[in-house]
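The block underneath contains the structure these notes are about, expressed in structure tokens.
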Amino acid sequence: MVGALALLAACSDALEQTSSAGQVIGIVNSVGRTLSLVSASDFTVATRAYAPAGAAPTTLASRGHVFVVPLGPANAAGVDVLAPPCSGTCVNTDYVWSLPSGSGATGVAIQDDSIAWIANPNLNTVTRLNYLTGDTASRGVGVSPEAVAIAGSRVFVVNGNLVNGAPAGPSWLSSFDCCRATPIDSIPLTGVSARFAVVGDDSLLYVIASGHVGKADGKLSIVDPRLRTEIAVLNGLGESPGAAVFHPSGRLLVASLTEGILEVYTPTKTLARGPGSGVKPDGDGVSGLAIDLRGHVYAVDPGLCQAAGTVHVLAPPPDYGQIRRVGVGVCPATAAVAATP
């Protein structure tokens, strides 16, 4: 037992010793249509307004020094390319690219240095976007696709299976090769209203099902992307669990507006912090999460969505001690991490 505790302490120290210099946490603010950029080094904030009227951004993805933000009913995607440090006049490269008319734009995953995939729930499609040129190509998937994840060369689209916003039955994944013309596989899921997905450091795909509103029946499906099958289901995530992020300590952290931060310990596939034992910084719920290179947790707190929201910068689990409160835009939804060139 002493050896195990020493190992855990060493892992915690290693996380703390890793520099996060140059890292930037992007926070998408759904009211005001802005992107707040929080420096992981000194927690200073710069907020950019770039989304067109009618946009309702609630998700984003990052890779390298790029953020891609689906803009919901604006049928578009915003792209923010971080610039290197400069003096004098600094130029930031930002784009807004149109997606197919009426498509909507929800979840996003970035494949490489030029390609992102964006879910289009209104058309039951997923769009391949070249975020440097704006070129698009779409293909049909399931019903009300809500999120996208990429594992290896395969794209996994999370089909919420919603009709008029309510579950019409269990959700499922559509899967296809990103770069070849191959048939689409369907992977059944146990839960309903699946909305979020993340690939863990263990190469498994973790899919969050929000469940029925008011029934507190959120679930986690664990999918083997190589076998393309659901291999485990964890019940007990409570009311409408949200986006998840994989922590280097082996924990899957799940955001919850009612419960704060929930935890799944992935080596044993068990729920370590469920409803009633979630981490609620300052007593508040959490809508999104991000992790920097030191293992610090950035917990997004939207508040009442009537004034500036908050990002709670927390120490790595299991302690979650609050390091800083950072003010961002109105109604922050979720977060992702990029780095300056």
Side-chain angles (χ1 to χ4, degrees), residues 6-28 35-47 59-69 80-86 92 108-113 116 149-151 196-204 206 243-255 261 263-267 272 279 281 286-301 310-326 328 332 334-341:
L7 179 60
L8 286 173
C11 289
S12 177
D13 290 343
L15 289 173
E16 290 291 343
Q17 291 167 5
T18 303
S19 172
S20 60
Q23 282 200 301
V24 175
I25 294 81
I27 313 293
V28 61
L35 182 68
S36 293
L37 303 177
V38 180
S39 166
S41 299
D42 59 12
F43 308 122
T44 55
V45 182
T47 298
T59 64
L60 80 166
S62 61
R63 178 186 172 93
H65 53 278
V66 174
F67 292 103
V68 178
V69 185
D80 191 285
V81 182
L82 299 178
C86 65
N92 292 308
V108 56
I110 300 177
Q111 175 184 315
D112 55 29
D113 292 340
I150 297 174
F196 305 97
V198 62
V199 179
D201 289 353
D202 54 8
S203 299
L204 296 176
Y206 293 83
V245 65
F246 203 87
H247 193 274
S249 62
R251 296 167 170 88
L252 182 77
L253 309 186
V254 182
I261 303 173
E263 272 187 21
V264 174
Y265 188 56
T266 59
V279 176
V286 173
S287 63
L289 297 160
I291 311 293
D292 71 12
L293 282 173
R294 291 172 295 188
H296 290 165
V297 179
Y298 295 75
V300 180
D301 174 7
T310 302
V311 173
H312 301 273
V313 185
L314 308 176
D319 297 331
Y320 293 104
Q322 183 156 269
I323 298 169
R324 189 74 63 89
R325 286 171 52 98
V326 180
V328 290
T334 193
V337 181
T340 54

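Here, residue 1 is the first one in the sequence, and each next residue gets the next number.
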Residues forming a side chain to side chain donor-acceptor pair (under 3.5 Å) with [X], sequence neighbours excluded:
| X | answer |
| --- | --- |
| Arg325 | Asp282 |
| Gln23 | none |
| Ser62 | none |
| Asp201 | none |

Find out whether [X] and [Y] are in side-chain contact, i.e. whether some heavy atom of one side chain is under 4.5 Å from a heavy atom of the other.
| X | Y | result |
| --- | --- | --- |
| Leu82 | Val24 | yes |
| Leu289 | Ile261 | yes |
| Val45 | Val326 | yes |
| Pro281 | Asp301 | no |
| Asp202 | Thr266 | yes |
| Val300 | Thr310 | no |
| His296 | Ile323 | yes |
| Asp80 | Val69 | no |

Examine distances only and state if a side-chain atom of [X] and a backbone atom of [Y] form a donor-acceptor pair shorter than 3.5 Å.
| X | Y | value |
| --- | --- | --- |
| Thr47 | Leu35 | no |
| Asp319 | Gly321 | no |
| Arg294 | Ala40 | yes |
| His247 | Gly295 | yes |
| Thr334 | Ser287 | no |

Evaluation steps, side-chain contact (heavy atoms from CB on, under 4.5 Å), between Val264 and Arg251 = CA-CA 6 Å; Val264 174; Arg251 296 167 170 88; over 6 Å; no
Heavy-atom closest pair, residues [X] and [Y]:
| X | Y | value |
| --- | --- | --- |
| Ala255 | Gly288 | CB-N, 3.7 Å |
| Pro317 | Val297 | CD-CG2, 4.1 Å |
| His65 | Ala339 | CB-O, 2.8 Å |
| Ala290 | Val337 | CB-CG2, 3.8 Å |

Decide side-chain contact (heavy atoms from CB on, under 4.5 Å) for Phe196 and Tyr206; before the verdict, give the C-alpha distance in whole Å, the side-chain angles of both, and the deciding distance to 0.1 Å.
-> CA-CA 8 Å; Phe196 305 97; Tyr206 293 83; over 6 Å; no
Measure the [atom1]-[atom2] distance between [X] and [Y] for me, rounded to the nearest 0.5 Å.
| X | Y | atom1 | atom2 | value |
| --- | --- | --- | --- | --- |
| Ile27 | Leu37 | CD1 | CG | 8.5 Å |
| Phe67 | Ile25 | CZ | CD1 | 7.5 Å |
| Gln322 | His312 | CD | NE2 | 6.0 Å |
| Ser20 | Leu293 | OG | CG | 6.5 Å |

Basic-acidic side-chain contact under 4.0 Å: Arg63, Asp112 = no
Kindly determine whether Ile291 and Leu253 satisfy side-chain contact (heavy atoms from CB on, under 4.5 Å), including the steps that lead there.
-> CA-CA 10 Å; Ile291 311 293; Leu253 309 186; 4.0 Å; yes
Which residues pass the side chain to side chain contact (heavy atoms under 4.5 Å, CB included) test with Ser41, sequence neighbours left out?
-> Ala21, Ser39
Could you walk me through whether Tyr298 and Arg324 pass the side-chain contact (heavy atoms from CB on, under 4.5 Å) test, one step at a time?
-> CA-CA 10 Å; Tyr298 295 75; Arg324 189 74 63 89; over 6 Å; no
For Asp42, check salt bridge (Lys or Arg N to Asp or Glu O under 4.0 Å) against everything at least two apart and list the hits.
-> none
